[in-house]
Amino acid sequence: MSAEIITKRQSAPSIRARKGGEKIVALTSYSAGTARLVDPFCDLLLVGDSLAMVEHGLGSTLSATLEMMILHGASVVRGSARSLVVVDLPFGSYEASPETAFRHAARLMAETGCGAVKLEGGAHMAETIRFLTTRGIPVMAHVGLTPQAVNTFGGFKTQGREREQWAAIEADAAAVAEAGAFAVVLEGVVEPLAAKITQNLDIPTIGIGASAECDGQILVLEDMLGLSPRVPRFVHRFGAIGEAVTAAVEAYAEAVRTKAFPGEANVYQPKAG
Ligand SMILES: Nc1nc(=O)c2c([nH]1)NC[C@@H]1CN(c3ccc(C(=O)N[C@@H](CCC(=O)O)C(=O)O)cc3)CN21
Ligand SMILES: CC(C)C(=O)C(=O)O
Ligand SMILES: [Mg+2]
């Protein structure tokens, strides 16, 4: 038989098995269009609730709804073939009880075809994580700077700058791993704490603003592309797509106004004769 190039989609277990191995490459994606572009280079695509801010112009992630997550999640699944697609459970859809979390996570999975869900929280979400994972819903956890708690933090504040905060964050990470999460996002935590947690857990840590000590990295796609007006310090801009869009749109507007566009090549003519 000839060599076949069949790329099977990554799963929660295949990502979990990467602990301590090759780094896990993850990005956010909110639609089929961007999913198609990034999927070949990634292991995991996150349909983050950051889409409320980035894609819908809302003030925080608290306004993301289950309906939004389903529409964008289904689009990303259709636009990708090899990455595991993980969809964020939005604020208010999972905190009240394990049963509510299950109902909403099941809808996300059934209506998008995603392979896992993500929720924010540590020790206090362990019971819910166990409830979901024992009922067929793989869960990625998210500890440290959890943006849905922006109002209790009083801003997007780096976690673990004081050593006294370390024990609680370490306990959160240990609790979600013990409860059955297949991976955990570590957001906005100081480097030595990220290193300690990564060493002590048997599941991969995926860092955002949490140093190279993590088992993988994630960024908001628009931030690393150079499309976001302001970005946190932990972002490196790998592209200048905002500038490229501005230049192209400027050129288009000029061409329309000077009647340089549409030109010969872009115009239809009737059959000769
Ligand atoms: N476009 C985008 N990118 C993100 O990474 C992102 C979102 N949106 N929305 C949801 C949250 C919010 N995030 C943020 C937003 C701001 C900072 C920030 O300004 N951090 C300060 C550090 C402050 C401190 O040290 O206490 C910084 O200067 O980087 C961090 C994370 C991460 N998430
Ligand atoms: C940045 C990641 C971890 C996230 O939760 C999001 O984009 O919503
Ligand atoms: Mg999120």
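One-based numbering, in listed order, for ligands and for the atoms of each. As the structure is a computational prediction, the values presented were derived from the model and not from experiment.
Cluster annotation: Val150 is not connected to Val189 through the hydrophobic network of ILVMFWY side chains, with a link wherever side-chain heavy atoms come within less than 4.5 Å.
Each protein N/O/S atom under 2.8 Å from the Mg ion (ligand 3) was counted, for a total of 2.
Val256 belongs to a hydrophobic cluster with Tyr252, Phe261, counting contacts under 4.5 Å between side-chain heavy atoms of Ile, Leu, Val, Met, Phe, Trp and Tyr, direct or through other members.
For Glu67, the CD atom counts as densely surrounded, since its 6.0 Å shell holds more than 12 non-hydrogen atoms of other residues, nucleotides or ligands. No more than 12 heavy atoms of other residues, nucleotides or ligands shown are found within 6.0 angstrom of CD on Glu22.
Glu213 and Lys196 are not joined by a salt bridge, as no carboxylate oxygen comes within less than 4.0 angstrom of a charged side-chain nitrogen. Ion pair Asp39/Arg82 not flagged as a salt bridge, since none of the NZ, NE, NH1 or NH2 atoms sits closer than 4.0 Å to an Asp/Glu carboxylate oxygen. Under a 4.0 Å N-O distance rule, the pair Asp202/Lys19 does not qualify as a salt bridge. A salt bridge links Asp43 to Arg18: one of the charged nitrogens lies within less than 4.0 Å of a carboxylate oxygen.
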Residues Ile129, Tyr94; criterion side chain to side chain contact (heavy atoms under 4.5 Å, CB included); working and verdict: CA-CA 10 Å; Ile129 293 170; Tyr94 64 94; over 6 Å; no

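Looking at Glu55 and His72, their side chains never bring a donor and an acceptor atom within 3.5 Å of each other.
In terms of modelled atom types and a separation under 3.5 Å, the side chain of Ser93 and the main chain of Leu89 share no donor-acceptor contact. Distance alone, capped at 3.5 Å, places no donor-acceptor pair between the Ser83 side chain and the Leu45 backbone.
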Starting from the N and O atoms of ligand 1, collect every protein N/O partner closer than 3.5 Å and put each pair on its own line with the distance to 0.1 Å.
unit_1	atom_1	unit_2	atom_2	d
ligand 1	1 (N)	Asp223	OD1	3.0
ligand 1	1 (N)	Asp223	OD2	3.3
ligand 1	3 (N)	Asp223	OD2	2.6
ligand 1	25 (O)	Thr158	OG1	2.8
ligand 1	25 (O)	Arg161	NH2	2.4
ligand 1	26 (O)	Thr158	N	3.1
ligand 1	29 (O)	Arg233	N	2.9

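Paired with Asp223 under the rule side chain to side chain contact (heavy atoms under 4.5 Å, CB included), one option of Val220, Leu227, Leu225 passes, and it is Val220.
At a heavy-atom cutoff of 4.0 Å, ligand 2 is surrounded by Thr28, Leu46, Gly48, Asp49, Ser50, Asp88, Lys118, His142, Val185, Ile208.
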